[in-house]
Structures are given as C-alpha cells and as structure tokens.
Amino acid sequence: MKTVDILVIGAGPAGMTAGLYAARSGREVAMVEKALPGGQMGTAHWIENYPGFPDGIGGAELAMQMQQQAEKAGVRVVYQAVQSLARQKEGFLVTPGGKDEPFLARTVILALGGQPRPLGVEGEDRLRGRGVSYCAACDGAFFRGKKTVVVGGGETAVADALFLAGLCTRVTLVHRRDTLRCTPVMAERVKSEEKIAMCWDSTVTALHEENGKLCGVTVQNRKTGETQILPADGLFIAVGHTPDTALCRGLCALDEGGYILTDERMHTDVPGLFAAGDCRKKNLRQISTAVGDGAIAAEEAAAFLLEEMGQGGTQRK
Ligand code: NAP
C-alpha cells in the first residue's frame with residue numbers, strides 16, 4: 001500500500017490544478033484518472049473563454065498542457081478507474097482497478113467531473129456510435145458533407161452546432177424552448193450561421209434507422225403538437241451532464257441531483273475530503289471556475305494536513 005498526503009481523483013481541469021498546487025505545497029501527491037486527462041475539456045473542439053488564449057485553444061491541447069505542468073511539478077498519474085473509496089482512521093483507502101496497489105491517502109480531492117446526459121429516446125443506446133453521439137469534437141469528422149441534428153440550447157449544443165456547420169451540409173439545432181441558455185455572443189453567432197437551421201420549442205421524440213444506422217429524427221413542436229421528420233445522418237445530444245459521483249455516494253453529502261455539497265473552501269462534510277470542479281454543487285461550471293476550485297481544494301488539503309494532523313505529512317524528497 002502506498003501512502004500519500006493528497007490523492008486527487010480525476011484529471012480534468014479541477015483535478016490537474018489541484019494536483020499542481022498540491023505538489024507545489026511540497027506534499028506527496030498522486031492522481032488517479034480513469035480515462036484520458038482533460039475530462040470534458042479534452043473533448044471540446046475549441047475554447048474561447050479561458051483566459052490567456054486570445055485566439056482560443058483546442059480542448060485537447062489545453063488538457064495536454066495542464067497535464068505536462070502537473071507532471072512537471074511532481075504529480076504521478078495512475079490511469080485506472082477507482083474501484084472504491086473508504087474512510088479509515090488514518091485517512092482514506094483508495095483502491096484503483098487493475099494491478100495498481102491501493103493508496104492510503106491522508107486527504108482526498110474529488111474532481112470527478114460528469115457524463116453527458118442521455119436524451120432518453122427509444123433507440124438512443126442502440127444507435128450510439130451509429131449516428132448518435134455526445135461529442136461533436138470527437139465524432140464530427142465522420143459527418144463531413146452530411147446532415148446532422150444537435151439537441152440542446154446550452155453552451156455545448158451551440159458550440160457543437162457551430163463546429164458541425166464547418167463540416168456538414170446542414171445542421172439543425174433543436175431546442176425545447178425559444179430562448180437559448182448559452183452566452184449572448186454564442187447565441188448571435190449560431191443564429192447568423194447560414195448552414196444552421198433553428199428548430200425552436202421542439203423535442204426529438206423518435207429516432208429512425210436504416211441498415212442499423214441513424215437516418216432521421218422525429219421532432220415535435222411542444223406548443224402546436226406538430227411533428228416533422230428531419231433526415232439526419234448524425235444526432236449530437238448536448239442536453240447537459242450528470243455528475244460522476246457514484247464513488248462517493250454514502251460517504252459524503254450530495255444534493256438531489258448527485259452533486260457533492262461543499263462549502264466555499266471546497267470542504268465536504270467529511271474531514272479531509274474535498275471536492276472541486278463540475279462534480280460539486282455550484283452555479284457556474286466552466287474551465288476557469290474548475291481551476292479555481294482545484295487551487296482552493298489543494299490549499300485547503302495542505303492546510304488540513306498541517307492543522308488537523310500536525311506536521312506528520314509525507315514531505316516529498
Ligand atoms: P446546460 O447548460 O445544462 O444546457 C443543457 C441544455 O439542454 C439546455 O438548453 C436545456 O434546456 C437542454 N435540455 C436539458 N434536458 C433536455 C431534454 N431532456 N431534452 C431536450 N433538451 C434538454 O449544459 P451544457 O451546455 O453542456 O453546459 C454545461 C456547463 O458547462 C454550463 O455551465 C456551461 O456554461 C459550461 N460549458 C462551458 C463551455 C466553455 O466554457 N466554453 C463550453 C461548454 C459548456 P433548457 O435551456 O430549457 O433548460
């Protein structure tokens with residue numbers, strides 16, 4: 001068993017910033033990540049509102065740079081899904097999958113991020129990867145020269161529609177209301193893009209397939225009840241995310257949506273357990289707010305080690 005002072009679970013922007021700050025505090029730090037570094041940020045085609053990049057930056061590029069910076073500071077990343085997280089007298093027992101040894105972590109920072117929310121329409125699961133996608137940056141290129149539909153009215157849906165407009169012959173943005181939730185600058189951009197058709201007050205009620213692949217969607221207007229079939233090779237679902245907090249259910253307090261409850265210093269209701277980024281209950285989920293959370297969580301974890309446990313942390317050699 002490996003003992004560390006601060007263990008960060010999740011290598012999105014919140015986790016990588018937490019790792020960077022924790023390592024720079026001189027503590028023994030480890031990070032466990034179940035997939036690629038970057039989380040949702042890593043799948044964003046282009047990011048224009050993260051300060052320091054006036055012309056924008058690709059999500060994967062930003063993820064790689066954050067990873068390099070954290071590793072340079074001394075963070076060791078274990079690429080495994082955490083199987084269990086249990087409270088112990090001395091801290092937390094964190095068990096990764098595979099052959100990696102468990103960690104005894106004096107403090108844990110949960111930077112668990114979230115998963116795209118499914119639409120819940122019949123056939124969605126079956127057609128995933130056969131026309132149905134949750135990531136335009138990952139799958140958009142498969143639909144070059146084709147027709148696509150994007151569902152949602154938030155920042156992700158609008159950014160996806162704009163990205164796909166550069167590849168597809170036609171993009172229809174289906175939103176359940178008549179006002180977009182995204183920032184006004186993005187709303188204006190999507191409305192003035194010639195290749196994008198807006199389908200307001202509408203929801204996708206059925207998927208159509210041909211030879212095992214998506215070929216169209218039925219859309220119903222919620223005000224008039226009228227339905228129409230939109231021919232589509234691709235359906236990009238961007239209706240929000242759910243927090244990936246199954247690991248800490250029963251361990252710390254969550255709200256009704258599964259988001260971790262913290263105070264403004266990122267403390268959960270369990271001493272030594274902190275949360276940062278999209279997995280915690282908060283108003284604004286952005287890369288910039290995630291990195292802020294990560295920095296605070298790391299500073300608080302280091303202060304916790306000092307105050308609650310004395311100087312007994314494992315100073316890095
Ligand atoms: P979001 O802001 O929660 O928006 C979800 C959208 O999907 C809303 O327009 C919602 O409609 C719609 N929706 C939800 N459930 C639906 C359903 N069952 N059927 C049809 N429509 C449904 O999600 P998001 O766009 O993924 O953004 C999540 C967070 O990440 C936000 O805080 C956002 O600002 C942030 N983000 C930031 C960036 C960036 O910084 N560049 C990029 C992407 C996302 P209503 O509007 O009617 O509720």
Side-chain angles (χ1 to χ4, degrees), residues 12-14 17 38-63 66 111-125 132-138 140 149-164 172-187 189-191 196 198-207 217-223 230 235-244 255 257-259 276-293:
T17 310
Q40 289 172 58
M41 172 181 73
T43 66
H45 168 65
W46 200 246
I47 294 159
E48 289 185 357
N49 61 356
Y50 187 66
F53 300 94
D55 298 322
I57 182 167
E61 168 70 14
L62 185 55
M66 286 190 186
L112 303 167
Q115 295 285 337
R117 187 183 292 149
L119 204 53
V121 66
E122 159 64 20
E124 181 176 352
D125 249 4
V132 172
S133 169
Y134 300 84
C135 176
C138 320
V149 168
V150 177
V151 191
E155 212 66 39
T156 305
V158 167
D160 285 359
L162 285 165
F163 172 59
L164 291 167
T172 307
L173 181 57
V174 178
H175 181 35
R176 64 183 177 183
R177 293 185 296 126
D178 61 2
T179 323
L180 292 169
R181 178 182 287 278
C182 65
T183 47
V185 62
M186 292 294 276
R189 216 181 281 174
V190 83
K191 285 180 202 165
I196 300 176
M198 302 300 305
C199 185
W200 300 110
D201 298 313
S202 299
T203 51
V204 171
T205 54
L207 307 183
V217 302
T218 296
V219 168
Q220 181 167 41
N221 187 295
R222 299 170 78 205
K223 287 184 175 162
L230 302 174
L235 172 68
F236 288 85
I237 297 170
V239 296
H241 289 84
T242 47
D244 226 346
D255 75 355
Y259 291 96
D278 283 7
C279 65
R280 79 176 188 95
K281 183 179 166 77
K282 62 194 234 178
N283 286 335
L284 185 62
R285 294 192 175 84
Q286 300 280 300
I287 301 166
S288 51
T289 60
V291 302
D293 284 4

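Computed from a prediction, not measured in an experiment: that's the story for all the values here. Both counts, for ligands and for their atoms, begin at 1 and track the order of listing.
- The shortest N or O to N or O distance between Gly153 and ligand 1 is below 3.5 Å.
- Heavy-atom proximity to His241, at under 4.0 Å, picks out these atoms of ligand 1: 26 (O).
- Between atom 35 (C) of ligand 1 and the options Glu155, Arg222, Arg285, the minimum heavy-atom separation is to Arg285.
- Residue Gly152 has at least one heavy-atom neighbour below 4.0 Å for each of these atoms of ligand 1: 7 (O).
- Contact detail for Cys135 and Thr43: the closest heavy-atom pair is SG-CB, 3.5 Å.
- Only side-chain heavy atoms of Arg177 come within less than 4.0 Å of ligand 1; its backbone N, CA, C and O stay farther off.
- For Asn49, the closest heavy-atom approach to ligand 1 falls below 4.0 Å.
- Residue-ligand proximity, Leu119 to ligand 1, at heavy-atom distances under 4.0 Å covers atoms 19 (N).
- Counting heavy atoms from C-beta on, the side chains of Met66 and Met41 come closer than 4.5 Å.
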Candidate pair Arg189 and Val158, rule side-chain contact (heavy atoms from CB on, under 4.5 Å), full reasoning:
CA-CA 9 Å; Arg189 216 181 281 174; Val158 167; over 6 Å; no
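- For Thr156, heavy-atom contacts with ligand 1 shorter than 4.0 Å involve the backbone as well as the side chain.
- Heavy atoms only, all atoms of each residue included: Asp278 and Gly113 are closest at CB-CA, 4.3 Å.
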Which donor-acceptor pairs under 3.5 Å do side chains of residues 178-185 form with protein atoms, sequence neighbours excluded?
from   : atom 1 : to     : atom 2 : distance (Å)
Thr183 : OG1    : Glu155 : OE2    : 3.0

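- Protein heavy atoms are absent from the space less than 4.0 angstrom from atom 28 (C) of ligand 1.
- In terms of protein heavy-atom proximity, atom 14 (C) of ligand 1 is closest to Val239 O, 3.3 Å.
- Taking atom 34 (O) of ligand 1 as the reference point, the nearest protein heavy-atom neighbour is Gln286 NE2, 2.6 Å.
- Not one N or O on the side chain of Asp293 forms a donor-acceptor pair closer than 3.5 Å with the backbone of Ala276.
- When heavy-atom distances to ligand 1 are checked against a 4.0 Å cut-off, Ala238 comes that close only through its backbone atoms N, CA, C and O.
- With Thr289 contributing its side chain and Leu284 its backbone, the two residues share a donor-acceptor pair below 3.5 Å.
- By heavy-atom distance, the residue among Met41, Arg176, His175 lying nearest atom 17 (C) of ligand 1 is Arg176.
- Counting protein heavy atoms only, atom 23 (O) of ligand 1 is closest to Gly240 CA, 3.4 Å.
- A donor-acceptor pair under 3.5 Å is absent between the side-chain atoms of Arg117 and the main chain of Gly240, judged by distance alone.
- Scanning the protein for heavy atoms near atom 8 (C) of ligand 1, the closest one is Arg181 NE, 3.6 Å.
- The closest side-chain heavy-atom distance from Tyr134 to His241 is not below 4.5 Å.
- For the pair Arg222 (side chain) and Arg176 (backbone), a donor-acceptor distance under 3.5 Å is present.
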